[in-house]
There are 2 protein chains.
Amino acid sequence: MVSIVSVAKVAGVSNKTVSRVINGEPYVTEETRERVEKAIRDLGYVPNMAARQIRSSRSNTFGIITDYVSTTPYSVDIVRGIQDWANANGKTILMANTGGVSEREAEIWKTFQSHRIDGVLYVTMYHRIVDPETGNVGIPTVMINCRPQTNELFPSIEPDDYQGAQDLTRYLLEKGHRRIGYIRLNPILLGAEMRLDAFRQTTWEFGVSESDLSIRLGMEGPVGAEKNYVFEAATELLQQKDRPTAIMSGNDEMAIQIYIAALTLGLRIPQDLSIVGFDDFRTVSMALKPELTTAALPYYDLGFEGAKWLNGLLSDAMIRPSSRVVPCKLVERASVCRTQ
Amino acid sequence: MVSIVSVAKVAGVSNKTVSRVINGEPYVTEETRERVEKAIRDLGYVPNMAARQIRSSRSNTFGIITDYVSTTPYSVDIVRGIQDWANANGKTILMANTGGVSEREAEIWKTFQSHRIDGVLYVTMYHRIVDPETGNVGIPTVMINCRPQTNELFPSIEPDDYQGAQDLTRYLLEKGHRRIGYIRLNPILLGAEMRLDAFRQTTWEFGVSESDLSIRLGMEGPVGAEKNYVFEAATELLQQKDRPTAIMSGNDEMAIQIYIAALTLGLRIPQDLSIVGFDDFRTVSMALKPELTTAALPYYDLGFEGAKWLNGLLSDAMIRPSSRVVPCKLVERASVCRTQ
DNA sequence: TTGTAGGCGTTATCAG
DNA sequence: CTGATAACGCCTACAA
């Protein structure tokens, strides 16, 4: 492999001068610089990061730990956000996936140490509380889309499920809806409770009576193998004497079944039934007809901001655990209309 | 940072002996080994990959280049497959995303060189023909879910869209369906033509007359901003005098709209209309009611096998470009019934 | 403005 | 079985 020495030889300078050129340091004649650059091009020289790192003990690398990539593919946007930030700031990304196995997690932290990773982004694919098995390696870490349970060591950045559900509920209320159905997310998801709380609180603030609210459980059980009651729940809801004029769905995916239930009963969307989702999982929300009004989970921003934050922690060294929240933007499409 | 030297000092041996223990080399007394291992534990020593690499000029790292992660989230399973193989074989994964920008791609290859990556997995998120901007860096590469156009340099591994569509078509035919609708995938996707060909060929082999086939375009235009005709096409198809008894959908996502169109027209699935999808994008195929019969794109296997293959190439050094294909397994659910 | 000497943490070589 | 010493490619410190 061609190294700095061969370049130096070809350019007829010392290796230190080559190093200067590579790193854009001052005090190099324009003429020397050009000669070196030519040699670099001619030889196809590319600096060796490993060697560089060994001297400077900074790897300029971030590690990403994810859990279940496959069951919830949407949240890969978090990773995209991280990558974009990393790319724009000259960082490299090392990726590892636990698959939910905690021994595996410990190994990963070891591997990260081995690579002298500067910092770790601990990413979960759905919003939840976790207990990372760091093995106490002391690498600065930011948690994304999750929050530490027992240990308060790490800062975290999460979507604002509460505000998102609040905005959606208000949106429905402002469109005149009062009899509203709610089909709940799997309770093991952190968002489930926050969204429901927001729904309850907001309808209460608007003076909607409890009896106008029909709240049903849509799913439960372990992620990836959950029991699914959405279709039945929606069907039952819509067969009530005073059926709701709108249904709020735990998420977009569940909204598919609500559409199907409504259409099967001969109801038109949105004229007879308004529906809102949550997540803005576009493969679904834009495939539904009419397209689904929903609240967008800020996955990309979570990743981008998380990476930025982590980088800040590295220089500041004041890694106070704290929690940040990113808003969920309401995406207005065509699945809601004003009550007639 | 604690290095091999400190370990050696504590264990009262030379650094080379420590190295031997770490790498599981023979010719170390059991007793010495234990003393060294104790020192490693006590000091919390973790080997420095960068230093190791600098000596052995093998990074044990694979790079993954992806294109548009976000628009097609399902195919992240490819990445999971790669990670699982890498994990089981002690390789590290460096990840980068082009976002479809080719200058970015060139940079990525440079970065990979910088890290002395052993090999590259070039992954696209949908099945297509590509023209990688390698900058001719000569890193062994396997292309996954895509195929090189102009240059024949790299081996590739792809899903067998033809066989998948063939199986689905046969399945419908064996259930007695003869009047069959087909809603086509975006033609810029490589799978579009292969799937349609299989459909045409297989129906022909079964002696189905052309006039019983209704083929419509479902989508077109650039990925991420395509025009969507699925709902209208399905509606039109189902309003024909002799409407099809089954519709084959370009993919699962498009099947959502076919469901909605059918239900809106008062048709029951599958009694009045059978539907099959393609991809087995489970967030959709299992959310639809009745659940969707489809052909599973073997994303995980593509990744896993691709990584394995790449590794083989590294030792064999006979990187003959060739193309491999992985079958798409038919997943039978509840959206098809026998014609009455 | 440029060059020299030394060392980062490993592993390879070869001698003991 | 074990150890001393050199070398990998780069950067820091210092000297010229």
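In this text the structure is predicted, and so the values were computed from the model without any measurement. Proteins get letters first, then strands, A, B, ... in listed order; numbering begins at 1 in each.
A perpendicular orientation is assigned to the rings of B:F112 and B:W109, their planes being inclined by more than 60° (bins at 30° and 60°).
Heavy atoms of A:V18 sit nowhere under 4.0 angstrom from any nucleic acid atom.
Between B:I54 atom CD1 and D:dC11 atom P there is a gap of 10 Å when expressed in whole angstrom units. Rounded to whole Å, the distance from CD1 on A:I40 to P on D:dC10 is 10 Å. Put simply, CZ on B:R116 is 9 Å from C1' on D:dG9, counting in whole angstrom units. A straight line from CD1 of A:I4 to P of D:dA7 spans 19 Å, rounded to a whole angstrom. Atom P of nucleotide D:dC10 and atom CG of B:N48 are separated by 16 Å, given to the nearest angstrom. Remark: P of C:dT10 and NE2 of A:H115 are 13 Å apart, rounded to the nearest angstrom. If you measure from atom CD of B:E34 to atom P of D:dT2, you get 12 Å, rounded to the nearest angstrom. Per the geometry, OH belonging to B:Y45 stands 14 Å off P belonging to C:dC8, to the nearest Å.
For residues 35-47 of chain A, the pairs satisfying salt bridge (Lys or Arg N to Asp or Glu O under 4.0 Å) are A:E31-A:R35, A:K38-A:D42, with sequence neighbours left out.
At a cut-off of 3.5 angstrom, the base of D:dC10 holds no donor-acceptor pair with the side chain of A:R55.
Between the side chain of A:S114 and the main chain of B:V46, no donor-acceptor pair closer than 3.5 Å is present.
When each of C:dT11, D:dC11, C:dG9 is scored by its nearest atom to the side-chain atoms of B:R52, the top-ranked nucleotide is C:dT11. Among the nucleotides D:dG9, C:dT10, D:dC11, the one closest to any side-chain atom of B:A51 is C:dT10.
Rounding to the nearest 0.5 Å gives a distance of 10.0 Å between OG1 of A:T17 and CD of A:E25.
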(message) Determine whether A:L43 and A:S6 satisfy the following criterion, side-chain contact (heavy atoms from CB on, under 4.5 Å), listing intermediate values before the conclusion.
(response) CA-CA 8 Å; A:L43 268 55; A:S6 8; 4.0 Å; yes
(request) Evaluate the side-chain contact (heavy atoms from CB on, under 4.5 Å) criterion for residues B:T66 and B:M95: first the C-alpha distance (whole Å), next the side-chain angles of each, then the deciding distance (0.1 Å), finally the verdict. (result) CA-CA 8 Å; B:T66 56; B:M95 248 193 102; 4.2 Å; yes
Short N/O separations, protein against nucleotides 2-5 of chain C, under 3.5 angstrom:
residue : atom : partner : partner atom : Å
C:dT2   : OP1  : A:T29   : OG1          : 2.6
C:dT2   : OP1  : A:T32   : OG1          : 2.4
C:dT2   : OP2  : A:T29   : N            : 2.9
C:dT2   : OP2  : A:T29   : OG1          : 3.3
C:dG3   : OP2  : A:S14   : N            : 2.9
C:dG3   : OP2  : A:S14   : OG           : 3.3
C:dG3   : OP2  : A:T17   : OG1          : 2.6
C:dG3   : N7   : A:R20   : NH2          : 2.8

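Of the side-chain N and O atoms in B:N23, one or more sit less than 4.0 angstrom from OP1 or OP2 of C:dT11.
Remark: the A:D67 side chain and the A:T124 side chain contain no N/O donor-acceptor pair separated by less than 3.5 Å.
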